[in-house]
Q: 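Just passing along the structure, written as structure tokens.
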Amino acid sequence: MARKTKAEAELTRQQIIDAARRVFYRCGVTKSTLESIAGEAGVTRGAVYWHFKNKTELFFAMRAQAILPLLDHIDDAILDESIADPLDGIERALQQMMAGLKENKVAGEVFRIASLRCEYVDELAPILEDFKRSHSLRIDKMTLAYRRAAKKGTLREGLDPRAMALDTMSFFEGLLRRVALEADKGIITGNIRAMIRAHIALRRK
């Protein structure tokens with residue numbers, strides 16, 4: 001019976017996360033309420049509070065489930081020492097992130113929510129701080145990869161690894177933003193792979 005109760009609780013938790021994603025996407029995070037999410041999930045407000053103390057915690061749970069696995073994969077690719085050329089690792093990481101957002105509808109929706117449907121103020125301010133920390137750590141990892149490329153002689157001479165990491169992150173974030181804005185229009189999505197290859201090619205010796 002205990003296992004059944006635990007399974008039922010986990011099912012309810014998942015229903016709430018799925019409902020939150022739909023409500024956030026439809027209404028925006030700021031205008032969404034736990035009451036509206038409870039109604040979408042078909043549960044009571046008390047059930048929502050039993051699993052999540054506030055909207056911020058619910059947002060983090062949604063993001064962790066949909067986006068963090070993709071980020072873990074790109075972090076692994078950036079620092080994968082089995083890849084002979086670290087520049088190939090960086091390119092693979094960027095390509096994998098884009099492919100994941102395209103192939104995984106839920107991840108794509110959560111990314112668009114985070115990019116376009118959330119104001120990071122008041123109770124949602126901690127989400128922005130978490131994004132900043134993750135961004136800083138990813139730049140550090142990419143800087144290390146560029147340094148490895150410099151040591152192996154594959155990075156074009158005269159390029160500073162830290163500056164290249166910042167430039168690549170700026171390029172990639174701009175690309176992600178365009179994809180989020182275009183949604184299903186696909187104005188540039190068909191050229192993404194080529195754009196990433198060209199970006200990395202400019203850094204090759």
Side-chain angles (χ1 to χ4, degrees), residues 17 21 56-57 59-116 118 120 125-182 188-205:
I17 291 174
R21 187 184 73 253
T56 300
E57 188 174 279
F59 183 98
F60 274 123
M62 176 192 70
R63 176 176 175 265
Q65 193 175 86
I67 299 296
L68 293 191
L70 291 179
L71 294 178
D72 288 341
H73 284 313
I74 72 168
D75 285 345
D76 290 343
I78 289 172
L79 297 179
D80 188 349
E81 295 188 24
S82 69
I83 300 175
D85 184 353
L87 296 181
D88 290 337
I90 295 173
E91 181 177 339
R92 181 182 298 181
L94 304 186
Q95 299 284 15
Q96 285 180 347
M97 183 67 179
M98 283 299 187
L101 291 175
K102 180 180 179 180
E103 296 166 4
N104 187 323
K105 180 183 177 182
V106 170
E109 285 186 358
V110 172
F111 174 73
R112 285 192 286 276
I113 290 168
S115 299
L116 306 174
C118 186
Y120 298 106
I127 297 171
L128 181 59
E129 292 306 309
D130 182 73
F131 285 171
K132 290 178 180 179
R133 285 191 296 271
S134 297
H135 176 82
S136 180
L137 289 172
R138 198 147 292 111
I139 288 176
D140 289 342
K141 292 176 182 178
M142 199 166 288
T143 299
L144 178 57
Y146 273 119
R147 283 176 181 157
R148 288 176 178 172
K151 288 181 180 179
K152 291 194 173 189
T154 59
L155 182 66
R156 188 155 53 86
E157 293 180 6
L159 297 182
D160 177 69
R162 182 71 176 179
M164 290 302 97
L166 290 168
D167 183 63
T168 294
M169 285 298 293
S170 297
F171 158 77
F172 192 59
E173 288 171 352
L175 199 57
L176 287 169
R177 179 79 172 176
R178 287 306 314 166
V179 170
L181 287 169
E182 292 177 3
I188 68 168
T189 51
N191 299 316
I192 284 176
R193 293 187 65 84
M195 293 171 70
I196 292 173
R197 282 197 301 270
H199 175 83
I200 298 301
L202 291 172
R203 286 139 183 75
R204 295 187 187 277
K205 190 170 181 179

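FYI, the numbering just counts along the sequence from 1.
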Q: When rounded to the nearest 0.5 angstrom, what is the spacing between CG in L87 and CE in M164?
A: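 Here the rounded value is 11.0 Å.
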
Q: Rounded to the nearest 0.5 Å, how far apart are CD of E157 and CG of L159?
A: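 E157 atom CD to L159 atom CG measures 9.5 Å (nearest 0.5 Å).
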
Q: Would you call D76-R92 a salt bridge at under 4.0 Å N-O?
A: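 Salt bridge flag = no for R92 with D76.
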
Q: One thing to verify: whether D85 and K152 come together as a salt bridge, which I'm taking to mean a side-chain N less than 4.0 angstrom from a carboxylate O.
A: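 Answer for the salt bridge query: no.
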
Q: Identify the heavy atoms of V110 and A66 that sit nearest to each other, and give their distance.
A: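 Closest heavy-atom pair between V110 and A66: CG2-CB, 3.7 Å.
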
Q: Is K205 reaching over with its side chain to a backbone N or O of A150, donor-acceptor style, under 3.5 angstrom?
A: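 Checked: no pair found.
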
Q: Step by step, work out the side-chain contact (heavy atoms from CB on, under 4.5 Å) result for D88 and I200.
A: CA-CA 8 Å; D88 290 337; I200 298 301; 5.9 Å; no

Q: Enter the distance from K141:NZ to I90:CD1 here, rounded to the nearest 0.5 Å.
A: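 Interatomic distance, K141 NZ to I90 CD1, rounded to 0.5 Å: 13.5 Å.
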
Q: Just how far is it from atom CG of N191 to atom CZ of R197, taken to the nearest 0.5 Å?
A: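 The CZ atom of R197 is 10.0 Å from CG of N191, to the nearest 0.5 Å.
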
Q: Do I196 and E91 make a side-chain contact, defined as non-hydrogen atoms from C-beta onward lying under 4.5 Å apart?
A: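 When only atoms from C-beta onward are counted, E91 and I196 do touch, with a gap below 4.5 Å.
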
Q: Can you give me the closest heavy-atom contact between A107 and L101, atom names plus distance?
A: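 Between these two residues, the closest heavy atoms are O-CD2, 3.8 Å.
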
Q: Could you tell me whether the side chain of L176 reaches within less than 4.5 Å of the side chain of M98, counting heavy atoms only?
A: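 SC-SC contact between M98 and L176 confirmed.
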
Q: What's the spacing between T168 OG1 and I78 CD1 if we round to 0.5 Å?
A: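 It comes to 9.5 Å.
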
Q: Which heavy atom in R21 sits nearest to a heavy atom in I113, and how many Å separate them?
A: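 Closest approach of R21 to I113, heavy atoms only: O-CD1, 3.4 Å.
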
Q: For A77 and I83, work out which heavy atoms get closest and say how close.
A: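 Closest heavy-atom pair between A77 and I83: O-CD1, 4.0 Å.
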
Q: When you measure from the side chain of T154 to the backbone N and O of A149, does any donor-acceptor pair fall under 3.5 Å?
A: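 Checked: pair present.
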
Q: Between the side chain of R156 and the main-chain N/O of L202, is any donor-acceptor distance below 3.5 Å?
A: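 It does hold such a pair.
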
Q: Quick one: do R178 and E173 make a salt bridge, cutoff under 4.0 Å?
A: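 Salt bridge flag = no for E173 with R178.
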
Q: Side chains of V179 and K102, heavy atoms from C-beta outward: is any pair under 4.5 Å?
A: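 Heavy-atom side-chain distance check fails, nothing below 4.5 Å.
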
Q: Check this for me, if you would: do E129 and K132 make a salt bridge, where the nitrogen-to-carboxylate-oxygen distance has to be below 4.0 angstrom?
A: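 Yes, this pair counts.
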
Q: Is the closest side-chain heavy-atom distance between R177 and L116 below 4.5 Å?
A: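 Contact flag for R177/L116 side chains = yes.
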
Q: Measure the shortest side-chain to side-chain distance between M62 and F59 over non-hydrogen atoms and say whether it is less than 4.5 angstrom.
A: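 Touching, per the 4.5 Å side-chain cut-off.
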
Q: For A165 and I139, work out which heavy atoms get closest and say how close.
A: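 Answer, listing the atom of A165 first, then I139: CB-O, 3.8 Å.
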
Q: One pair to check against side-chain contact (heavy atoms from CB on, under 4.5 Å): I74 and L94. What are the steps and the verdict?
A: CA-CA 7 Å; I74 72 168; L94 304 186; 5.9 Å; no

Q: Tell me, please, which residues at least two apart from D160 pass salt bridge (Lys or Arg N to Asp or Glu O under 4.0 Å).
A: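 D160: no salt bridge (Lys or Arg N to Asp or Glu O under 4.0 Å) contacts found.
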
Q: Using atom types as modelled and distance alone, determine if a side-chain donor or acceptor of Q95 lies under 3.5 Å from a backbone N or O of R193.
A: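 Flag set: sc Q95 to bb R193 pair under 3.5 Å.
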
Q: Side chains of R204 and L155: closer than 4.5 Å at any heavy-atom pair?
A: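 No, too far: nothing below the 4.5 Å cut-off.
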
Q: Which heavy atom in D130 sits nearest to a heavy atom in R63, and how many Å separate them?
A: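 Smallest interatomic distance, heavy atoms only, reads OD2-NH1, 3.0 Å.
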
Q: Tell me, which pairs form a ring pair (Phe, Tyr, Trp, His ring centres under 6.0 Å) where one or both residues lie in residues 126-179, sequence neighbours left out?
A: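 As it turns out, the ring pair (Phe, Tyr, Trp, His ring centres under 6.0 Å) pairs with a partner in residues 126-179, which skip direct neighbours, are Y120-F131, F171-H199.
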
Q: Does the side chain of L71 reach to within under 4.5 Å of the side chain of M97, using non-hydrogen atoms?
A: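 SC-SC contact between L71 and M97 confirmed.
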
